[in-house]
Every structure is written in C-alpha cells, then in structure tokens.
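Working notes, beginning with the structure itself.
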Amino acid sequence: MNLKLINIKSLGGVHKEGTKWLRGADLAHFPTIENAYLIIKEGKISSFGPMSNCPQDELPIQNCSGQHVMPAFVDSHSHLVYAGTREEEFNLRLQGASYEEIAAAGGGILNSAKKVGQASIKELVIQADYRLQNLMRYGTGTVEVKSGYGLDPDNELKILRAIKSLNVQTNATIIPTFLAAHAMPNWAKEQGMNDASYTKFMLDRCLPIIMKEGLAQYLDGFVERDYFKLDALQYIIDASASSGLPLKIHVNQFYDIGGIEMAVAAQALSVDHLEVMTPKAMKALHGGNTIATLLPSCSYFLGIPYGPARDLIENDTIVSLATDYNPGSSPGGNMQLICNMACAKMKMTPEEALNAATLNGAAALNLSDRKGSIAVGKDADLLITKAIPSLEYLCYDFGTNHIQTTILDGHTQ
Ligand code: NIG
Ligand code: FE
C-alpha cells in the first residue's frame with residue numbers, strides 16, 4: 001500500500017539510521033520531528049521529514065493534523081496463545097493465597113495447561129486472535145508469543161502451530177518462541193523425572209520437529225528456585241547452541257539462583273523479569289548486549305517488586321519493556337499502560353519508556369533492522385494517535401486508548 005501522511009503534529013522515534021538499540025543516556029531521547037510528513041511505499045517507510053520538504057507526488061493522502069505518529073509498539077515477551085482464563089485464582093490471591101501456593105496446589109501454569117490440553121488448534125487461534133486484535137488497536141505491531149502451556153510434546157507443538165496460524169492471518173508480526181520448561185507436569189513427576197531431565201526430554205522430543213517445521217525462532221525456560229534450576233538451564237543453553245535458536249530466558253522473578261550470569265555467559269539475547277536483582281546479576285549484565293526485558297504489569301498484578309529499571313539503565317544495560325500477556329501473572333497487553341507503569345512505578349522517563357517499548361523491544365527480537373523506529377526502508381508499522389497534546393501523553397493519561405489507527409506492514413488496521 002502507498003500512503004502519504006501529512007501535517008503530523010509530531011513524528012516520534014526518528015532515530016539515526018542503523019541504530020540497533022539504546023542504552024544509558026541515549027535511551028533518554030525519543031527524537032521527534034514537529035509538523036512532519038511520512039510516505040509509505042509498498043509497506044515500507046520510503047521518506048519522511050518536515051512538511052516544508054514534503055514532495056508533491058500523486059499518492060493517497062491522510063491528513064494527520066493534531067495527531068502524532070510513531071513506530072508501533074514491539075511487545076517482545078508474551079504468552080498470547082492460551083486457553084481459558086484464571087480469574088478465580090486472582091480472587092484466591094486477593095484472599096491471601098500467594099502465586100506460589102496456588103501453583104503448588106495444581107493451579108497456575110498447570111491449570112492453564114489442562115485447558116490447553118482440551119482445546120483444538122483452531123480454538124487456540126480464535127482465542128489468541130481476539131486478544132491480538134485488541135493489542136493492535138492499542139498500537140502494538142509486533143508480538144513475541146511463547147508456547148509453554150502445553151507441558152508435553154504434543155501440546156507444546158500444538159501451541160506453536162497455533163502461533164504459526166495466527167501469524168499467517170494477521171498483518172501484525174508474530175515471533176514464536178519455544179518455552180521448553182515452564183512448569184513440571186504431574187505425568188513427568190510420576191515418571192520420576194526432575195526439572196533437568198524433563199527439560200532435556202522436552203528439548204529432545206520437540207526441537208527436531210520445531211526445526212523441521214520452522215515453528216520457533218527463540219528458546220526460553222522459567223529459571224527459578226521452585227521451577228527450573230541451573231542444570232535445566234544448561235540443557236536449554238546446549239539446545240540453543242546446537243539448534244542456533246537464541247535464548248530468551250525467564251529469570252529472577254522470585255529468587256536469584258545465578259541464572260542471569262549463566263544466560264549472559266551463553267550470550268542470551270534477553271533475560272526477562274528481573275524483579276529480584278543482586279549485585280552479581282547486575283555485574284553480569286553491565287555494559288553487555290544481553291537485553292533486560294522488564295515486565296511492569298506482572299509486578300503490578302502479582303504485587304511483587306518492580307524490576308530496577310533505573311539501576312539497569314545506569315548499569316549501561318539495554319532495557320526493553322514488554323507485557324508478559326498471560327492468564328496468570330499479567331492478563332493484559334496494553335503497551336500504553338506498560339509505559340505508564342514503567343514511568344510511575346519504575347521511574348523511567350516517558351522518552352525512555354517509549355524507546356524501551358519500540359526500538360529496544362525490536363532489539364530483544366533481533367528485529368531492529370526492520371522495526372521499532374522511523375527510518376527509510378523499515379516496515380511501515382506505525383501508530384497514529386488521537387488528538388492528544390504530545391507523544392509523552394501516552395505514558396501519562398492511563399487506562400484509555402489514545403491510538404486512532406495502527407498501520408501494519410503498510411495496511412491500516
Ligand atoms: O512470565 N513466570 C512464568 N511464566 C509466566 C506466568 C505464567 C502463568 O502464571 O500462567 C510469567 O509471568
Ligand atoms: Fe512470561
């Protein structure tokens with residue numbers, strides 16, 4: 001599709017061509033052009049700049065006067081494909097039960113796995129598509145989606161195939177991740193497996209099929225004291241080395257067991273959660289290229305600490321923001337709200353939050369060359385706001401949708 005957006009009040013996320021990610025002081029600047037135009041040709045950004053330079057060519061025109069335009073959000077951590085919901089567990093937590101206690105009693109991830117076991121691929125796609133449509137209306141253009149509610153080879157592959165179908169039918173970009181170790185299912189315990197042997201079993205059984213069918217681009221595991229420990233992580237690291245699928249690891253949500261140091265040593269693309277950090281874990285991330293993906297809505301919903309965004313930024317770590325959209329710890333995927341939480345609860349500035357939710361999200365999926373900023377040749381994945389005072393306003397006035405239109409791959413949604 002070809003389109004010329006004119007009279008844009010401000011065009012944001014205009015980073016220098018070739019910028020892969022932003023860290024330290026660079027994160028603090030979300031560059032904008034006031035009173036701008038942007039031209040889309042064949043789904044790509046073909047040119048942009050101040051209105052005074054706007055070419056007079058014969059393209060369909062959209063007048064954006066009073067509106068702002070920026071790159072669509074890149075949500076680099078979600079569990080969008082699941083079956084059913086878990087509001088009864090939310091209620092239990094409100095009455096005093098902890099997330100861990102609910103999980104130990106067969107709720108939590110096991111509860112969702114039961115529901116996934118009963119669902120067909122088609123049902124999974126229908127439910128996930130409903131959520132995805134909403135996310136797109138809220139300005140998200142790219143979503144990483146993990147498996148992890150199958151907990152046996154057939155059901156994990158079922159989720160990954162559902163993710164693939166979802167990707168085929170949408171203009172959003174869906175990036176699949178194989179979450180090989182999310183919770184120990186009862187069948188594995190009954191067979192005498194432990195967290196490490198179960199992880200190895202899942203990797204051995206699933207990866208050959210995943211690679212043959214192209215079902216995943218990343219590997220993940222839930223590295224925690226009460227879930228999967230360092231021996232299990234080692235199997236995931238080995239599988240990453242042999243398959244070539246980079247690592248994105250859930251780690252340091254409740255306890256620090258040394259997972260960040262190991263993941264960084266294995267050159268993980270990202271380490272996600274990080275609500276509980278220690279000086280050693282911080283040191284491992286210092287100045288490196290492993291991205292710290294923070295998930296403020298998980299902290300909000302579970303009432304656990306927020307990731308130390310300020311310390312990480314000062315630590316010269318690349319920080320990205322994502323939703324963790326899932327039925328247990330973050331049943332919501334509104335990236336505008338994520339930016340608000342990052343500011344209000346983690347003391348990120350609005351400009352830092354917008355960068356972390358776009359270009360650094362793209363970097364956390366190795367997609368910076370295509371997504372996350374306004375640059376010639378990048379995918380025309382854009383959000384157009386309603387008439388609001390500024391782009392920073394997205395991080396300020398929370399709870400309502402400030403997006404008028406999302407353009408994905410050049411198509412208006
Ligand atoms: O990222 N932490 C592990 N997994 C999900 C929650 C899973 C669930 O409760 O269903 C998360 O928060
Ligand atoms: Fe998660």
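Both counts, for ligands and for their atoms, begin at 1 and track the order of listing. In this chain, numbering begins with 1 at the start of the sequence shown.
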Plane angle bin for His79 and His250 - parallel if under 30°, tilted between 30 and 60°, otherwise perpendicular: tilted
Atom-level proximity to ligand 1, residues with heavy atom under 4.0 Å: His77, His79, Arg86, Tyr99, Ile109, Tyr149, His182, Phe222, His250, Gln253, His273, Asp324, Asn326, Gly328, Ser329
Metal environment of the Fe ion (ligand 2), protein N/O/S under 2.8 Å: His77 NE2, His79 NE2, His250 NE2, Asp324 OD1
Output field: ring centroids Phe228/Phe222 closer than 6.0 Å: no
Near-ring test Tyr227/Phe254, centroid separation under 6.0 angstrom: no
Lys371 side chain to Thr173 side chain, donor-acceptor N/O pair below 3.5 angstrom: yes
Gln336 and Asn401: side chain donor to acceptor below 3.5 Å: yes
Residues 315-323 side chain polar contacts: donor-acceptor under 3.5 Å, at least two apart:
from   : atom 1 : to     : atom 2 : distance (Å)
Asn315 : OD1    : His286 : ND1    : 3.2
Asn315 : ND2    : Met282 : O      : 2.8
Asn315 : ND2    : Thr317 : OG1    : 3.1
Thr317 : OG1    : Leu285 : O      : 3.3
Ser320 : OG     : Thr293 : OG1    : 2.8
Thr323 : OG1    : Asp75  : OD1    : 3.3
Thr323 : OG1    : Asp75  : OD2    : 2.5
Thr323 : OG1    : Tyr325 : N      : 3.1

Scan the side chains in residues 199-212 for donor-acceptor partners under 3.5 Å anywhere in the protein, sequence neighbours excluded, and list what turns up.
from   : atom 1 : to     : atom 2 : distance (Å)
Thr199 : OG1    : Asp195 : O      : 2.6
Lys200 : NZ     : Asp204 : OD2    : 2.7

Donor-acceptor side-chain pairing of Glu156 and Ser147 below 3.5 angstrom: yes
Polar side chain donor-acceptor pair, Lys164 to Asn167, under 3.5 angstrom: no
